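All values reported here derive from a predicted model rather than from experimental measurement. Just so it is clear: chains get the letters A, B, ... in the order the sequence lines come, proteins before strands, and each one is counted from 1.
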Amino acid sequence: MPELPEVETVRRALAGQVVGRTIRQVRVHRPDTIDLPGNPTTTNPTAANAAAGLNGPIVAGSACSSTGSDTLQGAANRLLCGQRISGVVRHGKQLAWWTEPSGAPTTTHKTGKTKRKNSASGYGELGKHAGWPAVGVHLGMTGCLRVFDGGRGCERGRADRMRAEWGGHTHITWELDDGLTIAFQDPRRFGHVWVFATGEQLRAHRWAGLGPDALTITGEELHRRLGRTRRAIKAALLDQSLVAGLGNIYTDELLHVCRVHPRAPAASLSVRRTKRLADGARTLLAEAIEHGGSTLRDYADPLGQPGAFQAHHAVYARHGQACPRCQSKLSVTRVASRTTTYCSHCQRK
DNA sequence: AGGTAAACCTACTTGC
DNA sequence: TGCAAGTA
DNA sequence: GTTTACC
Ligand SMILES: [Zn+2]
């Protein structure tokens, strides 16, 4: 469920809490939820998992790392310990934070609240952070990043204590110098964490294949991109390489707002119509962000706050109920293997 | 190429 | 009440 | 939510 508005809500809350803080300790409680691409010591997943897997977390550089083969946790700590979080950024549903040595003069930008327009999407503003370690996160369906006060009770792999204090499914934690702990939690484990030696590598490996951010894409650009596929508009909008950030909820909502049938061929839409889609996306997503995103079951922001935008959904999960615009019964079908709700009266093919 | 289904998982809801 | 199936 | 396989 985390789509662009939920990820942006997480980004803002996280930025406000952790930018400027220095990472003291990374703990890997579930090795299969993290990767360190390009790290020579962790290229053998079998050895790394075997070393870090069954006996609970192992502290950085501790004597616990039995063999010469390194652990994911050790490698993550080597990259991140002593690094100060300099900014939290997002592109589509991808979240990341850059770091810099904590000794360096402060260049942190707290984009948690206001900054210049579009500071959210960090695609173009890697800048001077390009050369330092960076962390990438994708939340999948049920992932969330929480910020907890404390975490000292979770040392030495006290899984039971951690579970009691923070709930289950905590896979990766970053302990900060002010006592706060960032926790990546994800029951279904469709989400993932990546640690790169440089922000430049993160951008190249994780973001290069994404289309423009759905919050800022222009009508012209969207029209150009939709024009080169024969797929249905819904399938095209869900394709992160065409436009990044839309998922099942906001695609259905957007198509309803713009009165476009989900099966309409993407390339058949006029420039004018496509421009309205881009404008509609900006308006819809901005409004959703203002409400802290949508919580259907388990989504919560870093402080545990649920979103409120689900109350404003016109179609999603409302099949059989009345269309807010024309009062006719909303239809349900399947497009791109996803449950799709729309109004057959408002959204003509 | 594009459509479809399964795979990766847990947890909650539905139906018998 | 319990358990399988369906869904997110 | 994303990736992969198959038609
Ligand atoms: Zn309608």
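- Note: A:T33 OG1 to A:I172 CD1 = 3.5 Å, rounded to the nearest 0.5 Å.
- Using a 4.0 Å heavy-atom cutoff across all strands shown, A:D186 reaches no nucleic acid atom at all.
- We find that A:D252 and A:R338 are not joined by a salt bridge, their nearest charged nitrogen and carboxylate oxygen being 4.0 Å or further apart.
- Atoms CD (A:Q240) and P (D:dG1) sit 8 Å apart, rounded to a whole Å.
- Within the structure, a side-chain polar atom (N or O) of A:T229 is placed less than 4.0 Å from OP1 or OP2 of B:dG2.
- The distance from the NZ atom of A:K349 to the CZ atom of A:R263 is 6.5 Å, given to the nearest 0.5 Å.
- The side chain of A:H169 places no N or O atom within less than 4.0 Å of a non-bridging phosphate oxygen (OP1 or OP2) of B:dT10.
- A:D186 and A:R30 are not joined by a salt bridge, as no carboxylate oxygen comes within less than 4.0 angstrom of a charged side-chain nitrogen.
- The OH atom of A:Y299 sits 16 Å away from the C1' atom of D:dG1 (whole-angstrom rounding).
- B:dT10 and C:dT1 have their P atoms separated by 26 Å, given to the nearest Å.
- Ion pairing between a basic and an acidic side chain is recognised when a charged N comes within 4.0 Å of a carboxylate O; A:D177 and A:R24 show no such pairing.
- Within the 3.5 Å criterion, the main-chain N or O of A:L180 finds no donor-acceptor partner in the side chain of A:D149.
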Counting only pairs under 3.5 Å, give me each side-chain donor-acceptor contact of residues 304-313 of chain A, with atom names and distances, residues two or more places apart or in other chains.
residue: A:Q310; atom: OE1; partner: A:T295; partner atom: N; Å: 2.9
residue: A:Q310; atom: NE2; partner: A:G307; partner atom: O; Å: 3.1
residue: A:H313; atom: NE2; partner: A:S294; partner atom: OG; Å: 2.8

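- Listed by chain and residue number, nothing satisfies the side chain to side chain donor-acceptor pair (under 3.5 Å) test with A:R273 (two or more places apart in sequence, or in another chain).
- Across all strands shown, C:dG6 is found opposite B:dC12 as a Watson-Crick or G-U wobble partner, with both distances under 3.5 Å.
- Note on A:A232: only backbone sugar-phosphate atoms sit closer than 4.0 angstrom, heavy atoms only; bases stay farther off.
- On the P atoms, C:dA5 is 15 Å away from B:dA6, given to the nearest whole Å.
- If you take CZ of A:R263 and P of B:dG2, they are 16 Å apart, rounded to a whole angstrom.
- A straight line from CZ of A:R338 to P of B:dG3 spans 15 Å, rounded to a whole angstrom.
- Remark: the separation of the P atoms in B:dC9 and C:dG2 is 29 Å, to the nearest Å.
- Set against B:dT4, D:dG1, B:dT10, the side chain of A:E3 has D:dG1 as its closest nucleotide.
- In this structure, A:Q94 places its CD atom 13 Å from C1' of D:dT3, rounding to the nearest Å.
- Separating the CG atom of A:D35 from the P atom of D:dT3 is a distance of 13 Å, rounded to the nearest angstrom.
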Polar pairs (N or O, both sides) under 3.5 Å between protein and nucleotides 6-8 of chain C?
residue: C:dA8; atom: N1; partner: A:R188; partner atom: NH1; Å: 3.3
residue: C:dA8; atom: N1; partner: A:R188; partner atom: NH2; Å: 3.4
residue: C:dA8; atom: N3; partner: A:R188; partner atom: NH1; Å: 3.0

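- Positionally, the nearest nucleotide of DNA chain B for A:A235 lies more toward the 5' end than for the other of A:A235 and A:F190.
- In this structure, A:L139 atom CG and B:dT10 atom C1' are separated by 16 Å, rounded to whole Å.
- Note: CG (A:L238) to P (B:dT4) measures 13 Å, nearest angstrom.
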